[in-house]
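Note that the numbering runs from 1 along the sequence shown for the chain. Computed from a predicted model, the values in this text were never measured in an experiment. Note that these values count all heavy atoms, side chains included, but never hydrogens, waters or copies made by symmetry.
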Amino acid sequence: IRDARSKYDVILISAHCGLEYQPYPSFYVYEAFKCWAEAGADMIIGHHPHVPQGMTCFGKVPAYFSLGNFVFYQPVKFFHRKHGYFLELEIDKSGIVSHQAVPYRIEEDHLRLLSENEKAEFDKLFEKEPS
């Protein structure tokens, strides 16, 4: 990452990591993302757990821990196994201009964006803990 910093305008890390079905990042994933941010990444995006996880910023570096499921419909009642999100990004030569999570629900035969009520519940993954 440090070597790439001088060669590229934007460094986006996509990491296949984390424990399946755990709705929060493992400590080792958090620490790895922090190291990549400190090394010069502009954004870090995790995937693998099959459930959405929240995000944080390491300084100015946004880190999304798990995008959740996308195509793996599972006929179970667990809330997190039927949800995911994609990221809407704006990027230019200066780096990441903006980023936003766009959540969806996985139905048996299609994906759909969340209703306002569902989105409010989902957005709790991205709320900052009160200090």
Side-chain angles (χ1 to χ4, degrees):
I1 295 170
R2 286 186 181 99
D3 291 343
R5 186 78 268 160
S6 64
K7 299 176 189 173
Y8 301 100
D9 295 326
V10 178
I11 300 173
L12 223 138
I13 305 294
S14 175
H16 184 253
C17 60
L19 298 176
E20 288 186 345
Y21 309 121
Q22 182 174 292
Y24 49 87
S26 300
F27 181 73
Y28 76 91
V29 171
Y30 182 91
E31 288 297 309
F33 280 30
K34 182 178 175 187
C35 288
W36 295 334
E38 290 170 353
D42 291 298
M43 177 179 266
I44 306 155
I45 302 167
H47 54 91
H48 174 70
H50 298 284
V51 294
Q53 295 176 347
M55 66 87 62
T56 193
C57 288
F58 296 105
K60 294 183 179 184
V61 179
Y64 289 87
F65 294 105
S66 174
L67 300 178
N69 258 333
F70 186 67
V71 296
F72 297 114
Y73 174 77
Q74 298 173 332
V76 296
K77 294 183 181 185
F78 302 117
F79 175 83
H80 291 299
R81 289 200 198 173
K82 292 187 180 175
H83 291 85
Y85 62 95
F86 59 88
L87 295 174
E88 191 173 276
L89 307 176
E90 184 180 349
I91 301 172
D92 67 16
K93 285 187 169 278
S94 70
I96 307 296
V97 176
S98 66
H99 54 94
Q100 177 181 352
V102 180
Y104 54 80
R105 180 170 169 82
I106 304 163
E107 302 288 348
E108 189 170 352
D109 60 350
H110 67 282
L111 297 177
R112 69 168 172 80
L113 295 177
L114 298 185
S115 70
E116 286 303 313
N117 288 341
E118 290 171 317
K119 188 174 180 322
E121 181 67 22
F122 186 91
D123 286 345
K124 290 179 182 177
L125 284 173
F126 299 97
E127 289 179 357
K128 185 176 179 178
E129 290 289 320
S131 352

4.5 Å side-chain heavy-atom contact, [X] and [Y]:
X	Y	answer
Y85	V102	no
R5	I11	yes
Y104	R112	no
I45	L12	yes

How far does [atom1] of [X] sit from [atom2] of [Y], to the nearest 0.5 angstrom?
X	Y	atom1	atom2	answer
W36	E38	CH2	CD	13.0 Å
M43	I91	CE	CD1	7.0 Å
Q22	F65	CD	CZ	12.0 Å
H110	E108	NE2	CD	10.0 Å
H83	F122	NE2	CZ	7.5 Å

Taking atom [atom1] of [X] as the centre, report whether more than 12 heavy atoms of other residues, nucleotides or ligands fall under 6.0 Å from it.
X	atom1	answer
Y21	OH	yes
E20	CD	yes
Y24	OH	no

In this structure, would [X] and [Y] fall into the same cluster of hydrophobic residues linked by side-chain contacts under 4.5 Å?
X	Y	value
F58	L89	no
M55	I13	no
L111	L113	yes

Does any N or O in the side chain of [X] come within less than 3.5 Å of the main-chain N or O of [Y], such that one atom is a donor and the other an acceptor?
X	Y	result
S66	V51	yes
N69	H50	yes
D42	I96	no
S115	E118	yes

Would K7 and D3 pass as an ion pair if we require N to O under 4.0 Å?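 A salt bridge is absent here (no side-chain N lies under 4.0 Å from a carboxylate O).
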Is the shortest side-chain N to carboxylate O distance from K119 to E121 below 4.0 Å?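 No salt bridge links K119 with E121.
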If you look at every heavy atom in [X] and [Y], which pair is closest and at what distance?
X	Y	value
P49	C17	CD-O, 3.4 Å
C57	P62	SG-CA, 3.9 Å
I106	R81	CD1-O, 4.2 Å
V10	G95	CG2-CA, 3.8 Å
A39	I1	O-CG2, 3.5 Å

Return yes if a side-chain donor-acceptor contact under 3.5 Å exists between [X] and [Y], otherwise no.
X	Y	result
H48	H16	yes
S94	D92	yes
Y64	H99	yes
S14	H47	yes

Below 6.0 angstrom between ring centroids: does that apply to F33 and Y28?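 No.
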